[in-house]
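Remarks on the structure that follows.
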Amino acid sequence: MHQLKPRDAATLPRHLLESHVVDLIRRCPNHLAVRAAHARLLRLRLPRLTAAFALSKLLAASCDPTAAAASYARNLFDQIPEPTAFCYNSLIRALSSSSPAPAADTVLVYRRMLRARTPHPNSFTLAFALKACSVAPALGEGRQLHSQAFRRGLEPSPYVQTGLLNLYAKCEEVALARAVFDAMVGDRNLAAWSAMIGGYSRVGMVNEALGLFRQMQAAGVNPDEVTMVSVISACAKAGALDLGRWVHAFIDRKGITVDLELSTALIDMYAKCGLIERAKWVFDAMVERDTKAWSAMIVGLAIHGLVEDALKFFSRMLELKVRPNNVTFIGVLSACAHSGLVNEGRRHWSTMQALGIRPSMENYGCMVDLFCRSGLLDEAHSFVTGMAIPPNSVIWRTLLVASKNSNRFDIVESASKRLLELEPCNPENYVLLSNLYASNSQWDRVNYMRIKMKENNVNVVAGCSSIEINGYLHKFVVSDDSHPEIKDIRLLLREIADHVIRSGHKPWTAAVLHDVGEEEKEVALCEHSERLAIAYGLLKTKAPHIIRVVKNLRFCPDCHEVAKIISKSYNREIIVRDRVRFHRFVQGSCSCKDFW
DNA sequence: GTTTGTACAT
């Protein structure tokens with residue numbers, strides 16, 4: 001096809017002109033190219049109808065994820081005299097990937113379409129608009145669209161259904177997602193299976209995610225690399241190493257492409273399941289590594305307490321000109337915090353500013369943690385009060401816990417006040433403050449907190465630990481009676497208690513909330529979820545099998561001591577992933593060197 | 001012109 005001239009625009013028949021336009025726009029790889037094509041089309045002075053056609057094609061080609069692209073798309077749309085459904089759909093699609101508030105903006109366009117009466121929204125409109133609500137994510141707007149889909153009879157479209165499913169999965173509404181998924185019997189496609197598995201994985205319902213993955217295979221649907229990312233990340237969340245290894249072998253066996261995203265998920269999985277060497281191995285095998293891959297690696301090293309490696313990887317990343325972002329610095333700064341490297345942390349904080357990265361709440365959190373763990377309470381406090389954004393509850397809680405541990409009651413006072421202002425109903429705060437009062441034997445205040453909790457109907461997040469035995473995740477909560485083998489576990493706990501006494505360890509009963517007798521406090525400690533899970537591991541496996549436990553909260557200090565004793569008296573290696581990092585117990589000592 | 005994916009401070 002020869003280059004189009006303004007002369008052709010006046011002489012060529014419309015269908016030929018249109019095919020020229022299509023050809024020109026098809027070759028646009030990015031937003032700049034779209035603009036260049038637009039400029040060329042303007043110079044051609046196309047006839048009115050062809051010009052409108054060109055605008056709608058440009059609009060469809062314009063979905064670059066930048067704010068500039070969004071306003072460009074709006075501009076194009078406003079120049080189209082009688083926008084077709086295709087035009088509305090293209091605008092919505094462009095906004096969903098590039099607008100700062102995709103859900104709200106999309107709903108506005110959708111309403112505008114309804115007000116215009118014609119054209120009618122179709123399944124494309126709903127699919128694109130739902131996508132915008134999923135990336136936001138915006139449950140309210142999404143539900144409005146769900147009702148629209150129903151009213152307009154567009155619900156049966158597989159694209160609309162997958163869109164709805166994905167919306168609910170992204171909003172962590174697994175029950176709603178599952179309802180859509182269940183209604184899709186017959187036309188569950190790969191995307192639907194993947195979105196549902198991803199939904200379970202996101203909320204940590206690992207057994208459900210893996211169960212659905214098995215069902216998917218039974219249904220004869222072949223998973224792709226996108227599915228596997230969700231399956232692997234479910235294993236990572238749960239710390240389910242054996243399952244993760246099995247899934248990795250499955251990926252190799254099926255010849256599923258291990259691309260950038262899947263490699264990153266594998267690095268994350270091996271790191272979070274305690275095999276940092278294997279994570280490095282996956283990282284080294286990658287042909288291309290982006291910011292997320294580097295960040296996953298650095299964060300992985302950080303949670304293993306391997307600060308030197310983490311910082312080495314970070315320098316290598318900079319040398320290779322891969323741009324770090326906020327998340328990378330979460331890894332770098334938390335590595336410093338977990339090893340007490342205050343000056344190193346300060347240095348990297350400046351590096352971050354020098355690179356023009358505006359600190360996120362999490363980055364501030366890392367610095368506060370860094371100062372707190374090193375006992376620099378005054379520095380932590382002035383850092384918090386000098387933050388460029390208002391500190392959130394996590395920041396105040398970090399400061400509160402640290403100042404409580406260093407008996408800095410001046411800071412305790414102000415931090416707890418701010419914390420309760422920000423989060424009057426968070427159960428975590430009640431527990432924290434109750435513990436604070438309990439450790440000072442202020443039982444009237446403890447009681448007051450307990451009454452407040454009842455009044456506000458606050459339910460405490462229970463400590464929960466899990467251990468994987470034969471491919472199944474066994475979960476324990478504090479004082480859990482529900483496990484079928486609880487009798488044997490209790491017997492073993494008693495035996496452990498004897499070892500603990502013989503080792504000369506005195507239970508740190510201050511960790512127990514209630515104002516009960518010392519003896520009952522000891523019993524309460526013995527029923528902590530991590531201790532139940534470790535005991536169950538001792539019961540069900542033999543040396544040299546490593547006992548691997550994952551806990552949702554931080555390790556109880558007393559249980560940490562007891563784990564050391566168990567590792568020695570039973571000659572077993574125990575690895576516990578708590579909310580913050582890994583603890584590896586060998587022959588009576590822990591890899592965290594008791595620094596936490 | 002549709003749909004599914006990864007790193008995140010206590």
Side-chain angles (χ1 to χ4, degrees), chain A residues 56-57 59-63 85-87 89-90 92-94 96 122-131 134 157-167 169-170 184 188-199 201-202 223-233 236 259-269 271-272 290-300 302-303 324-331 333-334 337-338 359-370 372-373 391-402 419 428 432 553-554 578-580 596:
Chain A
S56 61
K57 286 289 168 193
L59 182 56
S62 163
C63 44
F86 181 90
C87 300
N89 298 347
S90 300
I92 289 174
R93 186 170 66 139
S96 76
N122 57 27
S123 66
F124 288 82
T125 324
L126 263 305
F128 292 148
L130 285 168
K131 166 85 180 175
S134 326
S157 152
Y159 288 101
V160 173
Q161 286 190 309
T162 312
L164 286 167
L165 167 52
N166 188 40
L167 164 80
K170 288 274 157 47
M184 287 179 80
R188 283 178 194 154
N189 51 40
L190 180 57
W193 284 98
S194 301
M196 192 64 234
I197 292 171
S201 166
R202 186 168 293 108
D224 65 357
E225 56 273 22
V226 179
T227 324
M228 298 322 290
V229 167
S230 292
V231 178
I232 285 289
S233 94
D259 62 8
L260 180 63
E261 288 82 359
L262 187 48
S263 299
T264 306
L266 283 167
I267 292 169
D268 184 49
M269 185 274 286
K272 296 228 172 90
D290 64 357
T291 303
K292 287 182 180 170
W294 281 98
S295 304
M297 193 66 239
I298 291 168
V299 169
I303 59 177
N325 63 11
N326 288 305
V327 182
T328 322
F329 276 96
I330 292 173
L333 296 173
S334 74
H338 289 174
S360 66
M361 192 64 81
E362 289 84 352
N363 296 135
Y364 283 111
C366 291
M367 287 307 281
V368 175
D369 191 37
L370 174 81
C372 284
R373 281 171 190 256
N392 70 359
S393 55
V394 178
I395 304 257
W396 285 116
R397 205 152 39 232
T398 308
L399 189 61
L400 174 58
V401 171
L419 188 57
E428 235 179 299
L432 183 55
L553 307 175
R554 289 202 69 177
D578 75 1
R579 185 158 149 182
V580 179
W596 46 336

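Chain letters run A, B, ... following the sequence lines, proteins first, then strands; residues in each count from 1.
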Open item on the list: With a 4.0 Å limit, can you tell me whether A:Asn166 has a side-chain N or O closer than that to the phosphate oxygens OP1/OP2 of B:dT4?
Closed with: yes

TODO: Could you please name the option among B:dT10, B:dG1, B:dA7 that lies closest to any side-chain atom of A:Ser295?
DONE: B:dA7

- [ ] Taking only the side-chain heavy atoms of A:Thr398 (C-beta and beyond), determine which of B:dG5, B:dT10, B:dA7 contains the nearest atom.
- [x] B:dT10

Open item on the list: What is the distance, to the nearest angstrom, from the CG atom on A:Leu190 to the C1' atom on B:dT2?
Closed with: 15 Å

TODO: Identify which nucleotide among B:dT4, B:dC8, B:dG1 has an atom closest to any side-chain atom of A:Ser194, counting heavy atoms from C-beta outward.
DONE: B:dT4

TODO: Assign A:Asn326 to base, sugar-phosphate, or nothing according to its heavy-atom contacts below 4.0 angstrom with the strands shown.
DONE: nothing

Task: Among B:dG1, B:dG5, B:dT10, the nucleotide that comes nearest once only the side chain of A:Glu225 is considered - done: B:dG5

TODO: Just call it for A:Val580: base, sugar-phosphate, or nothing, with non-hydrogen atoms closer than 4.0 Å on any strand.
DONE: sugar-phosphate

Open item on the list: Quick check, does A:Phe124 stack with B:dG1? I mean ring centres under 5.5 Å and planes off by under 30°.
Closed with: yes

Open item on the list: Any base atoms under 4.0 Å from A:Met196, or only sugar-phosphate, or nothing? Heavy atoms, all strands.
Closed with: nothing

Task: A:Lys170 vs B:dG5: side-chain N/O to OP1/OP2 distance below 4.0 Å - done: yes

TODO: Report the distance from atom CG of A:Leu400 to atom CD1 of A:Ile395, rounding to the nearest 0.5 Å.
DONE: 13.5 Å

Open item on the list: Taking the minimum atom-to-atom distance to the side chain of A:Arg93, which one of B:dG1, B:dT4, B:dC8 wins?
Closed with: B:dG1

TODO: Using atom CG of A:Leu59 as one end and atom C1' of B:dT2 as the other, report the distance to the nearest whole Å.
DONE: 15 Å

Open item on the list: At 4.0 Å (heavy atoms only), tell me whether A:Asn392 reaches a base, stays on the sugar-phosphate, or touches nothing.
Closed with: base

Task: Short side-chain N/O contact to B:dG5 OP1/OP2 from A:Arg202, under 4.0 Å - done: yes

Open item on the list: Please confirm whether the shortest side-chain N or O distance from A:Lys131 to OP1 or OP2 of B:dG1 is below 4.0 Å.
Closed with: no

TODO: Answer yes or no as to whether B:dT2 has its base stacked against A:Tyr159, where stacking requires a ring-centre separation under 5.5 angstrom and planes under 30 degrees apart.
DONE: yes

